[in-house]
Protein chains: 2
Amino acid sequence: MAATIKDIARVAGVSTATVSRVINNLGGYNEETEKKVNAVAKALGYRKNENARSLVQKSTNTIGVIMPDVTTSFYGDIIRGIEDMSYEHGYSVILTHAGSSGSRILESLNLMGERRVDGLIIVSIELHDAAIDALTSLDIPFILLSTMTNRADTPYLKVDDYAAAYAAVEYLIANNHRVIGMAGANPNDPISGAPRILGYTQALRDHGIKVDLNLIKAGDFSFESGQAAMKSFLEDQAPMTAVFCASDEAALGIISTCFEHGIGIPTDLSVVGYDNSKVSYMSIPPLTTVAQPLYDMGREGCSELMDAVQHKIKIESKVIPHELVVRKSVRSL
Amino acid sequence: MAATIKDIARVAGVSTATVSRVINNLGGYNEETEKKVNAVAKALGYRKNENARSLVQKSTNTIGVIMPDVTTSFYGDIIRGIEDMSYEHGYSVILTHAGSSGSRILESLNLMGERRVDGLIIVSIELHDAAIDALTSLDIPFILLSTMTNRADTPYLKVDDYAAAYAAVEYLIANNHRVIGMAGANPNDPISGAPRILGYTQALRDHGIKVDLNLIKAGDFSFESGQAAMKSFLEDQAPMTAVFCASDEAALGIISTCFEHGIGIPTDLSVVGYDNSKVSYMSIPPLTTVAQPLYDMGREGCSELMDAVQHKIKIESKVIPHELVVRKSVRSL
DNA sequence: ACGCTTTACGTAAACGTTTACGTTGAATGA
DNA sequence: TCATTCAACGTAAACGTTTACGTAAAGCGT
């Protein structure tokens, strides 16, 4: 149905090689033929077939993105960064998500391999050994965003969760808080959970504050886990003046539950979140939070990846700086 | 580098045809050859090349998704629905966004055409004539999600914004509100803006309430436009008891500004949003809003599309039901 | 034993490009 | 004038599959 370069060649009375040259602006033809070929191409409604092109060029100009299936605004920003950057470089992105807690990761990797993506970005998924093996054996350049592994051959780009959590808690301490809770982190998540808890505990210790395990409520970064944590705090009648949350959404859960119980933020309780996602400035009061530069992370990760693809260089793992965004959810005592 | 079926054929001592048959489970070989081929394939680390496959099959098992570049949680849910459904049917999704207010739409369409996607989903983008022409001339089945055009040949799936807005305002009226403002909608947006405003005005009229144009604050569905609207209402000293917002984020903007000015929700002002996006239940108080079933919209739209692709049938435009999700941001007078 | 069907393959063309290499004719230089 | 260069093409192979078609052998019924 669709016209091919053969059709153009026939109609224009030239060879397919010349058509290809004209279409790709490679030179080696005179103006007349160029015009004729272009005219015929337009007349036939020619549209090049990237698949055929990919086949002979052994490169698809495509990058794959694999992400978890949870929808937080978190991923939207990263994706946007990735897509913007890849678009600027003439790449397309093919997207898949890896199921809840990465259950579909192997299928996803396989799919990306079969599609022959030129590069691969994996966002925020904790990779088990089998997955890492599958990933590396694909022999496709890749970068991990907002996650990492304990192996050296898996380059990543992420913020230092430990340091970021430490900074957040230190900020609370600097505002004279001494009884500080923690909520929303999953201690079994070695990527984003444990380091944030560790940053929290270490900051306390370094300032001579005893860590009270009852003040740490585990969760899964969700709004609901924030709500649950706050309810638990209330049951415990925990004497906190502040709570550090492992995500903005969990912080919102805390605030929401406080609202229901007439606890004022930050008058009665100070809250700091994590992510600086879109909800953080829409909350009441606006949330003080640790910023991960999501959009830029997407852009930069994608950029590094494309560099690696095009120049066959290795990607260096990199820690990107966090930043404390002070809004109005923390009170100085 | 990577092994091909030719390599397998050579090593296993069979023809490429047989390899292809085994790999695709087409039958026509005995158990021995099957085992041998599979063994060799595994040994060589064979991975099929979807590109080559697509070339001869004239189908890429791929669907393209084009969306605006704004990141609201809105799109996350739709995408997830699309990706889930397409995954279940063995399709991959290739994603691009069309730039702010669709500026990149023509490039996006062209890209999708060159990639030979089997189907195309366009989310929430207002299409101008040139774009519609480009779209239809692609000759690829497509469906519009949460948008539409004034032409009959562009099937869509969306909620009836007019009816949904009407229902929301009627709900406020049923709760004895009589002075009701409207915020966040762009009257120049014929898809999502104008119909919501129209639903609002018509509901008022139908219940004998005069429409006061000063009570309608235009916006762009954003949090900021909600804030701006509320500030404007305050300057006007508008005597409203309720306000209907064209988006949840705009509603949050209203609420946020009210909070700053000590105006209680819903005690002093009732608010209803639109979308039932994730932020709606995280707000304080939880937001009463008109639900668009985003995830399901993604799923169903994708499903219809794949039906059309596989059975070469036409897609019928469809209006999907909205629903009023009552939470706690409206007070009965 | 004969014809027929079935099974299990192999052969080779086709998909739509790119590209190394060859060819032609004209222009150039001495 | 003749060798050389160069611009402007054309030829054909290659990319990795799928698949229509052919074929040889085996099985089967009578």
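Every chain is numbered from 1 and lettered A, B, ... according to where its sequence line falls, protein lines coming before strand lines. Since this is a predicted model, take the numbers as computed values, not measurements.
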Kindly point out which of [options] is positioned nearest to the side chain of [X]?
X     : options                : answer
A/K6  : C/dC15, C/dA8, C/dT19  : C/dC15
B/Y46 : C/dG10, C/dT19, D/dT17 : D/dT17
A/T33 : D/dC9, C/dA12, D/dT11  : D/dC9
A/I5  : D/dC9, D/dT18, C/dT17  : C/dT17
A/A17 : C/dC9, D/dG16, D/dT11  : D/dT11
A/A52 : C/dT18, D/dT17, C/dG16 : C/dG16
A/N30 : D/dC9, D/dT17, C/dG16  : D/dC9
A/R21 : C/dA20, D/dT18, C/dT17 : C/dA20

Can you tell me if A/N30 and A/T33 form a side-chain donor-acceptor pair at under 3.5 Å?
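Note: A/N30 and A/T33 side chains meet the donor-acceptor criterion.
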
Quick one about B/H89 and B/N61 (side-chain donor to acceptor, distance below 3.5 Å, no hydrogens or angles considered), yes or no?
no

With a 4.0 Å cut-off on heavy atoms, is A/N24 in touch with a base, just the backbone sugar-phosphate, or nothing at all?
sugar-phosphate

For B/S20, answer base if it contacts any base atom (sugar-phosphate contacts may also be present), sugar-phosphate if it contacts only those atoms, and nothing otherwise; contact means non-hydrogen atoms under 4.0 Å.
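Result for B/S20 = base.
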
B/E32 CD to C/dC9 P, straight-line distance once rounded to whole Å
9 Å

Specify the separation, in whole Å, of atom CD1 of B/I8 and atom C1' of D/dG16.
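It works out to 11 Å between those atoms.
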
For A/V19 and B/S15, find the nucleotide of DNA chain C closest to each by heavy atoms; which residue's nucleotide sits nearer the 5' end?
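The residue closer to the strand's 5' end, by nearest nucleotide, is B/S15.
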
Go nucleotide by nucleotide along DNA chain C from the 5' end; which of B/L55 and B/T16 gets its closest nucleotide reached first?
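Nearer the 5' end of the strand: B/T16.
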
Quick one: does any side-chain atom of A/D118 pair with a main-chain N or O of A/I63 as donor and acceptor, under 3.5 Å?
no

As an exercise, state the distance from CD of B/E88 to CD of B/E83, rounded to the nearest 0.5 Å.
10.0 Å

